[in-house]
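Report on the structure given below.
Everything numeric in this text was worked out from a predicted model, so none of it was measured. Every heavy atom of this structure was used, including side-chain atoms; hydrogens, water molecules and symmetry mates were not. We name chains A, B, ... by the order of the sequence lines, and we start the count at 1 in each one.
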Amino acid sequence: MSRYCTLHLEGDALPFDLDRTLSCGQVFRWEKKGHWWCGVLGQKPVLIRQEGDLLHFSGAPEEDISRYFDLDLDLEEILAGFPDDPILLQAIDSAYGLRIVRQPAWECTASYIVATFANIPGIQTRLKLLCERFGERIGDGHTAFPSPEKLAASPLCDIRSCRVGYRDKYLCGTAAILSADHGWEERIAALPYRDARRELLRLPGVGKKVADCILLFAFHRFEAVPVDVWIDRIMRTHYLEEDTRYSYDRIADAARQIFGPNAGYAQEYLFAAREMIPDMRKK
DNA sequence: GGTAGACCTGACGA
DNA sequence: GTCGTCAGGTCTA
């Protein structure tokens, strides 16, 4: 491991909370060992820790760290632009400094295909197995995320041995499509939100929720609002009429209407604070 | 365009 | 130890 560097957080880089950013459930491969978070950026093993306004790290150049954690984004402005809403304010207070990281598009896509209908510890186990089995060794016991080419060329039974269950064919199918479609990332990035989502929905294993996760976490389309069971619950019990039926799009549209153009960020704070937000159904 | 049922698996609590 | 429930949903009919 190379020498440590220190980044002084100031200006737009604040607020930033490394622990909240890496433990909120948006990424699955970072591991905390002692005070240090261990992870992989691209093909490089990275160590990183935060001490107040100082970010100590090794394994990657400062610009990669800054870009990954989106430290040029004026987060304060986004948070200040949300409505004066008690539930969201509580969520922001409890997760203050959480930033949506810039995930590599393929890794994000594959991760959220694996993440469907599963819980976070299970997702972490599966991704770890996939990386150990198919990822390139990059030193220090780390592996890069498996390439789409590698997964596309692997037998389904090998993929399934990573305990991904019925998602094996989705993962393999999407890997085959994307590995043959160079430039898909640029194309998605250039499309308006609705068109980009429509494109992603053509991939096997990618429904509305996963497409919104990809757009939010990899492409930073902050109007994308992934509606999972938790957000569904929170929106129904606190923002909508509880006994009415709502489709996925109606809930996402309602979130955009209530929280504005950065509703995806609001969603992430609500998700991070999900355990604290009362579930009216239990009353 | 909306709905119901099936679905791998593992974490977690009773 | 065992069992039931639930989980960052998608697909098919």
Please confirm whether the shortest side-chain N or O distance from R274(A) to OP1 or OP2 of dA7(C) is below 4.0 Å. no

For R67(A), does the CZ atom sit with more than 12 other heavy atoms under 6.0 Å from it, leaving out its own atoms? no

How many Å lie between CG on L171(A) and C1' on dC8(B), as a whole number? 14 Å

Quick check on contacts: within residues 95-104 of chain A, what sits under 4.0 Å from DNA chain C by heavy-atom distance? none

Sugar-phosphate only, base, or nothing, as touched by L270(A) at under 4.0 Å among non-hydrogen atoms: nothing

Specify the separation, in whole Å, of atom NZ of K209(A) and atom P of dT10(C). 7 Å

Aromatic contact, Y112(A) with F28(A) (centres under 6.0 Å): yes

Got a donor-acceptor contact below 3.5 angstrom from the R126(A) side chain to the R163(A) backbone? yes

Could E223(A) and R256(A) be called an ion pair, given the rule that one side-chain N must be under 4.0 Å from one carboxylate O? no

Taking atom C1' of dG8(C) as reference, at what distance in whole Å does atom CD of Q124(A) sit? 12 Å

Nearest whole Å is fine: how far is dG8(C) C1' from E107(A) CD? 16 Å

Could you give the CG-to-P distance, from D253(A) to dG1(B), as a whole number of Å? 13 Å

Min side-chain heavy-atom separation L7(A)-L54(A) under 4.5 Å: no

Any ion pair linking D253(A) and R194(A) (charged N to carboxylate O, less than 4.0 Å)? yes

Base, sugar-phosphate or nothing for V227(A)? Non-hydrogen atoms, less than 4.0 Å. nothing

Taking only Watson-Crick and G-U wobble pairs with both distances under 3.5 Å, what dot-bracket line describes DNA chain B, where [ ] shows pairs that cross earlier ones and | shows pairs with another strand? ..|||||.||||||

Note: K44(A)-D64(A) ion pair, threshold 4.0 Å (strictly below): yes

Please report whether the ring centroid of F57(A) lies less than 6.0 Å from that of F69(A). no

Rounded interatomic separation in angstrom, taking NZ from K208(A) and P from dG1(B): 8 Å

Would you call T143(A) and E136(A) a side-chain contact if the rule is heavy atoms closer than 4.5 Å? no

With rounding to the closest Å, how many angstrom separate the P atoms on dC11(C) and dG10(B)? 22 Å

What's I120(A) touching, base or sugar-phosphate or nothing? Going by heavy atoms closer than 4.0 Å. sugar-phosphate

Exactly one of F217(A), F82(A), F259(A), F222(A) should register a ring-ring contact (aromatic ring centres under 6.0 Å, His included) with Y265(A). Which one does? F222(A)

So does D249(A) pair up with K208(A), basic N to acidic O under 4.0 Å? yes

Mind checking if Y170(A) touches a base, just sugar-phosphate, or nothing, with heavy atoms under 4.0 Å? sugar-phosphate

Pairwise P distance for dA6(B) and dT5(C), with rounding to whole Å: 15 Å

With the stacking rule set at 5.5 Å and 30°, tell me whether F271(A) counts as stacking on dG8(C). yes

Cationic N near anionic O, under 4.0 Å, D19(A) to K32(A): yes

So what does G25(A) touch, heavy atoms closer than 4.0 Å: a base, only the sugar-phosphate, or nothing? base

What contact category does Y248(A) fall into here, base, sugar-phosphate, or nothing, at under 4.0 angstrom with non-hydrogen atoms? nothing

Could you give the distance separating dG8(C) and dG5(B) at their P atoms, to the nearest angstrom? 24 Å

Want to settle it: does L201(A) or P226(A) sit nearer the 5' end of DNA chain C, counting the closest nucleotide to each? P226(A)

Side-chain donor or acceptor of Y166(A) under 3.5 Å from a matching atom on the base of dG9(C)? yes

Can you tell me how far P in dA13(C) sits from the matching atom in dC8(B), rounded to whole Å? 15 Å

Do R99(A) and D70(A) sit within salt-bridge range, that is, some charged N less than 4.0 Å from a carboxylate O? no

Using a cut-off of 4.0 Å on non-hydrogen atoms, how would the nucleic acid contact of E268(A) be classed: base, sugar-phosphate, or nothing? base

Could you state the CG-C1' distance from L203(A) to dC11(C), rounded to the nearest angstrom? 14 Å

When you check every protein heavy atom under 4.0 Å of nucleotides 9-14 of chain B, what one-letter string (B, S, -) results, 5' to 3'? BBS---

